[in-house]
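Quick caveat: nothing in here was measured; it's all calculated off a predicted structure. By convention here, the first residue in the shown sequence is residue 1. For the numbers below, each heavy atom of this structure counts, side chains included, while hydrogens, waters and symmetry mates do not.
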Amino acid sequence: MTAQQDTPPSSDGLFRTKTVEQSIRDTEEPEHALKKSLSALDLTVFGVGVIIGTGIFVLTGKVAKETAGPATALAFVVAGVVCALAALCYAEFASTVPVAGSAYTFSYASLGELVAWIIGWDLVLEFALGTAVVAVGWSGYVRSLLDNFGWHMPVLLSGPDVAKGFGFDILAFALVLVLTVVLVLGMKLSARVTTVVVAIKVTVVLIVIVAGLFFVKAANYSPFIPEAQPQPSGAGLTAPLVQLMFGYAPTNFGVMGIFTAASVVFFAFIGFDVVATAAEETKLPQRDMPRGILASLFICTVLYVAVSLVVTGMEHYSQLSVEAPLADAFKAVGHPVYAGLISFGAAIGLTTVCLILLLGQTRVFFAMSRDGLLPRFFSKTHPKFGTPYRPTVLLGVIIAIVAGFTSINELATLVNIGTLFAFVVVALGVMVLRRTRPELHRAFRTPWVPLIPILSVAASVWLMLNLPAETWLRFGIWMAIGVVVYFAYGRGHSRINEGLGRP
């Protein structure tokens, strides 16, 4: 980044901003600096590692059977476009403000401290729930593999879903603790572990695509877009709005069903934004962050579309399994060996999803504590490994316990709304920072501003409206708690107060 003349905090109000220059200077403090060790390839691997997981191995069958039929491929395209619009905005910010914290840091530099706090609080919830849910999903695949060998986990140690009441998921708990240790030991080790696992995972996905092509039947694609059916009442917030504005209600199946499906399969794309949290640990962030974000998103979108087309071609969408659609599709055509291989790939693949979601959360927490909005105790890095070990250990233990007692139900939708909200904030931040700091050096510039950011906001809000009303309620409660914490602690301890002449 070229030298820029620093400017003082913008104001003494709720929307006071932290300058880009100050954000970068904070990364140079020895005790609070993260070690730079990642390349563009590492970032791409991280992106692919976290994106390919629950979505491609689980959601394909659910969406095809209940919402979109063979047109699930189009739903993945719609969700991919929404993410691509946001990715262009993330890429500009990540190359301009290469600091840990992702959307939190970006909004602090453009929209102000209160907005930054809200988005940081939102991301902490998003990554924590995402890690816990995926850990429980991983545990399920591992138990399934163990069952194939005749080894059965005790019911009480298999989690509440299996125990049908009180139960502790020892496998999910242990996974999160092991990954916490990996993250403490260093980002390069995390990158190497992820590279190996991603190679296995992508190989399995490619096997699904290539092997599945031999069992595709054209008749299973008819109709490609099944006839529209009314949605259940309360399925999403858009139903009454669309009915009022356009005179018709959203549907399952049909053209509108594709958009409903996109709001669900969006969970399958969560992760590319986590790449932006590693900006501070990248050797050449101005060049490599945009490459890593956009490359990982493109690769995963292509794989998702290919897999959904193959699976809905192998078995009629109405017959697809919801729990394990890829594996069960091969069982349906008489090839259980492939089904076992897919289950193995899913178990391996979900490991990296947990690792990188946990990484993202610790980096956001670290950035907030370095700014004083959370206790500064958590902003010290390890003297040897250069990692934020204190928040990593704290959050790792908490999430491990949550994963042990978590029952998977509607938590995925809560993760979705948090991510989409972050997309909205980042897109708005690009437009604001272009106006307030036009002189900043931007190694990557989002094209067609303000058109792309506006489209990103509109697309993200549309998918948010397709989520259940209960999800909005839970999200609102978490945000309200965050506002209380900000005024009770964060605002008074913010380091911006030092620039305003306060103690």
Side-chain angles (χ1 to χ4, degrees), residues 14-15 18 50 82-83 86 89-90 93-94 97 99-134 237 263 266-267 269-277 356-371 373-374 378 391 395 398-399 402 410-430 432 456-457 459-461 463-465 467-468 470-491 494:
L14 295 177
F15 301 100
K18 179 182 180 181
V50 72
V82 173
C83 291
C89 299
Y90 268 90
F93 259 128
V97 194
V99 177
S102 184
Y104 160 75
T105 300
F106 306 157
S107 56
Y108 210 160
S110 56
L111 300 176
E113 184 175 273
L114 178 60
V115 177
W117 166 267
I118 290 174
I119 200 64
W121 188 253
D122 163 54
L123 291 175
V124 167
L125 174 70
E126 172 199 335
F127 295 148
L129 291 182
T131 304
V133 171
V134 174
L237 290 181
S263 69
F266 177 81
F267 183 81
F269 286 91
I270 290 175
F272 83 84
D273 56 322
V274 181
V275 176
T277 67
I356 302 169
L357 285 175
L358 183 59
L359 179 150
Q361 190 199 37
T362 58
R363 270 41 179 186
V364 172
F365 197 97
F366 169 79
M368 295 175 73
S369 65
R370 189 165 59 186
D371 290 333
L373 299 180
L374 291 172
F378 295 107
L395 296 171
I398 292 175
I399 295 173
V402 170
E410 296 180 352
L411 292 181
T413 57
L414 196 55
V415 177
N416 281 4
I417 197 171
T419 304
L420 288 165
F421 179 65
F423 286 5
V424 170
V425 171
V426 170
L428 293 174
V430 166
V432 171
S456 179
V457 170
S460 298
V461 170
L463 291 188
M464 290 172 72
L465 290 173
L467 293 170
E470 294 82 0
T471 300
W472 282 83
L473 178 62
R474 294 167 186 156
F475 181 67
I477 292 173
W478 176 256
M479 289 294 103
I481 294 173
V483 171
V484 172
V485 174
Y486 170 72
F487 283 104
Y489 180 88
R491 179 168 170 77
S494 171

Result block: side-chain N/O donor-acceptor pairs under 3.5 angstrom for residues 417-424, not counting sequence neighbours:
residue	atom	partner	partner atom	Å
Thr419	OG1	Glu126	OE1	3.4
Thr419	OG1	Glu126	OE2	2.8
Thr419	OG1	Val415	O	3.0

Looking at CG of Leu111 and CD1 of Ile118, how far apart are the two atoms once the value is rounded to the nearest 0.5 Å? 10.5 Å

Can you check whether Phe365 and Phe378 have ring centres sitting under 6.0 Å from each other? yes

Give a yes or no on whether the backbone of Met464 and the side-chain of Trp472 come within a donor-acceptor separation of less than 3.5 Å. yes

Closest approach of Asn416 to Ser263 (non-hydrogen atoms, all atoms of both residues): ND2-O, 3.2 Å

Which is it for Asp122 and Tyr104 under the side-chain hydrogen bond (donor to acceptor under 3.5 Å, both in side chains) test, yes or no, and what are the steps along the way? CA-CA 9 Å; Asp122 163 54; Tyr104 160 75; over 6 Å; no

Look at the aromatic rings of Phe106 and Phe93 and report parallel, tilted or perpendicular, splitting at 30° and 60°. parallel

For Ala459 and Val82, work out which heavy atoms get closest and say how close. CB-CG2, 3.7 Å

Could you check Leu373 against Tyr108 for side chain to side chain contact (heavy atoms under 4.5 Å, CB included), going step by step and ending with a plain yes or no? CA-CA 12 Å; Leu373 299 180; Tyr108 210 160; 4.2 Å; yes

If I compare all heavy atoms of Ile399 with all of Ala132, which pair ends up nearest, and what's the gap? CG2-N, 4.0 Å

Keeping the roles fixed (side chain from Trp121, backbone from Trp478), state whether a donor-acceptor pair exists under 3.5 Å. yes

Closest non-hydrogen atom pair between Thr105 and Ala367, with its separation: OG1-CB, 4.2 Å

Please give me the minimum heavy-atom distance between Ser494 and Glu113, naming the atom from each residue. OG-OE1, 2.6 Å

For residues Val364 and Phe127, determine if any side-chain heavy atom of one lies less than 4.5 Å from a side-chain heavy atom of the other. yes

Within the distance-only criterion (no hydrogens, no angle test), does the side chain of Trp117 pair as donor or acceptor with the backbone N or O of Gly490 below 3.5 angstrom? no

Decide side-chain hydrogen bond (donor to acceptor under 3.5 Å, both in side chains) for Thr131 and Gln361; before the verdict, give the C-alpha distance in whole Å, the side-chain angles of both, and the deciding distance to 0.1 Å. CA-CA 9 Å; Thr131 304; Gln361 190 199 37; 5.8 Å; no

Please confirm whether the backbone N or O of Ser456 pairs with a side-chain atom of Ser460, one donor and one acceptor, at under 3.5 Å? yes

Closest non-hydrogen atoms of Ser107 and Val425, given as atom of the first, atom of the second and distance, are CB-CG1, 3.6 Å

Going by side-chain contact (heavy atoms from CB on, under 4.5 Å), name the residues that satisfy it together with Leu473, two or more places apart in sequence or in a different chain. Ile477

Distance (rounded to the nearest 0.5 Å) between Arg370 CZ and Arg363 CZ: 11.0 Å

